[in-house]
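Data block below; observations after.
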Amino acid sequence: MVAITAPSSIDQIPLVKCPKANAAIIPSIDLSAPGAAAAVADACRRFGFFKATNHGVPAGLAESLEAGAMAFFALPHQQKLDMSGPARPLGYGSKSIGSNGDVGWLEYLLLSVSSSSVPTSALPPSLQMTVEEYTRAVREVSGKVMELMAEGLGVAKEEREVLRRMVVGREGSDEMVRVNHYPPCCSCLLPPGRDCGVTGFGEHTDPQIISVLRSNSTAGLQIMLRENDDDDLPRWVPVPPDPHSFFINVGDSLQVLTNGRFRSVKHRVLAPEGNESRLSVIYFGGPAPSQRIAPLPQVMREGEESLYREFTWGEYKKAAYKTRLGDNRLRPYELV
Ligand code: GA4
């Protein structure tokens, strides 16, 4: 087991209430099936989240990345820091997320993986190569999903690449990969009668257009149902892990690009109890800093007004780094 910190400091990590919820409502979509576009759009409208199967990425790729990452995280703390540099925001981080006081029971690597970018942190060469190979494959999945999203939104065939082209193969686009390692949590040190889990990664929405997540088989991820959903359902829904599938998140920028048709999903991760570790790898698809983020003309109805004040991705990202994880980063841009 790898300890990320002295056990007594677990009391700095916030506790969260756990739901008794029905995971069966999370849509699972076969990306190659007829009707995938409509199913994707429906899931993005209702949840901002879905599971993607039949994605074409060979299982071995994610398994190699998982093995390489676990070997990296098993290194002594100082060696991880020396190798990758402290997360500012790119690099190796432990417990601290962003620079405004958010903490969680995890350690991570945050990497820039844009096709044009030179690696900013040094990884063991074999891990670097696996990250690159994995990124190429997951970038394709994100591209395929963005095309299905556009089709499901009713965008004309000739223009269905509109979303994909903002990220995939676009000069200067802002793509990142985050590898999160949640070690087993020393729940024996928690207060008696606690209610009930230790925060691995606190609730937040992703600022980008799309995020594509893959984890090992340890649970922990939860998504929040939207306010106006059926009141009978608990609001936090645990996402059963599935190492053979990818989980797709709608990000804040996609919410704006679709003028609120798709909604960014609030999600969080609880630290694992028992003696399992959770390892997740997330690809974040963001556009170039100069990209204007405003509702796409291809999805707007005649006379429809934008719900948001327009911004560039560079402006939004800069502002995001001044916020706390759980803040609503879109609120300042909402037009009432
Ligand atoms: C959330 C999504 C991605 O993990 C991330 C995170 C980033 C970071 O960890 O550096 C942020 C967070 C994320 C949003 C608000 C700011 C920035 C930490 C934080 C408190 C890499 C991203 O792009 O935004």
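All ligand and atom numbering here is 1-based and tracks the order in the structure.
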Does Thr312 offer a backbone N or O that forms a donor-acceptor pair with the side chain of Glu315 under 3.5 Å? yes

Protein heavy atom at shortest distance from atom 13 (C) of ligand 1: Pro207 CD, 4.3 Å

What protein heavy atom sits nearest atom 1 (C) of ligand 1, and how far away is it? His204 CD2, 3.6 Å

Numbered atoms and elements of ligand 1 in range of Gln208, under 4.0 angstrom, heavy atoms: 22 (C), 23 (O)

Judged by atom type as modelled, is there a donor-acceptor pair below 3.5 Å linking the side chain of His181 to the main-chain atoms of Val179? no

Residue, atom and distance of the protein heavy atom nearest atom 2 (C) of ligand 1 read Asp206 OD1, 3.4 Å

Please examine the side chains of Val138 and Leu61, heavy atoms only from C-beta on, and report whether any two atoms are closer than 4.5 Å. no

How about CZ on Arg165, more than 12 heavy atoms from neighbouring residues, nucleotides or ligands closer than 6.0 Å, or not? no

Report yes or no: does Asn216 contribute a side-chain atom to a donor-acceptor pair with the main-chain N or O of Ser277 at less than 3.5 Å? yes

Looking at side-chain heavy atoms only, is the closest gap between Gln208 and Trp313 below 4.5 Å? yes

Side chain proximity check, Val269 to Asn180, heavy atoms < 4.5 angstrom: no

Would you say the side-chain atoms of Arg329 pair up with the backbone N or O of Thr205, donor to acceptor, closer than 3.5 Å? yes

What is the closest protein heavy atom to atom 3 (C) of ligand 1, and at what distance does it sit? Phe284 CZ, 3.4 Å

Tell me the protein heavy atom at minimum distance from atom 16 (C) of ligand 1, and give that distance in Å. Ala320 O, 3.4 Å

For Arg329, which part has a heavy atom under 4.0 Å from ligand 1: side chain, backbone, both, or neither? side chain

Please evaluate residues Tyr333 and Tyr316 with respect to the criterion ring pair (Phe, Tyr, Trp, His ring centres under 6.0 Å), reporting the C-alpha separation (whole Å), side-chain torsions for both, the decisive distance (0.1 Å), and the verdict. CA-CA 10 Å; Tyr333 300 92; Tyr316 194 65; 5.6 Å; yes

Show which atoms of ligand 1 fall inside a sub-4.0 Å distance from at least one heavy-atom site of Leu110. 10 (O), 21 (C)

Please list, in number order, the atoms of ligand 1 under 4.0 Å from a heavy atom of Met176. 21 (C), 23 (O)

Tell me whether Arg178 has any N or O atom under 3.5 angstrom from an N or O of ligand 1. yes

Is a donor on one side and an acceptor on the other found under 3.5 Å between the side chain of Lys80 and the backbone of Phe73? yes

Has Leu325 got any heavy atom lying under 4.0 angstrom from an atom of ligand 1? yes

Per-atom contacts, ligand 1 versus Pro89 - under 4.0 Å to a heavy atom: 10 (O)

Test of understanding: given a 4.0 Å heavy-atom threshold, classify the contact between Thr323 and ligand 1 as side chain, backbone, both, or neither. both

Nitrogen or oxygen of Tyr321 less than 3.5 angstrom from that of ligand 1: yes

Protein heavy-atom partner closest to atom 18 (C) of ligand 1 - residue, atom, separation in Å: Gly98 CA, 3.7 Å

Mind checking whether Ser211 contacts ligand 1 via backbone (N, CA, C, O), side chain (CB onward), both or neither, at a 4.0 Å heavy-atom cut-off? neither

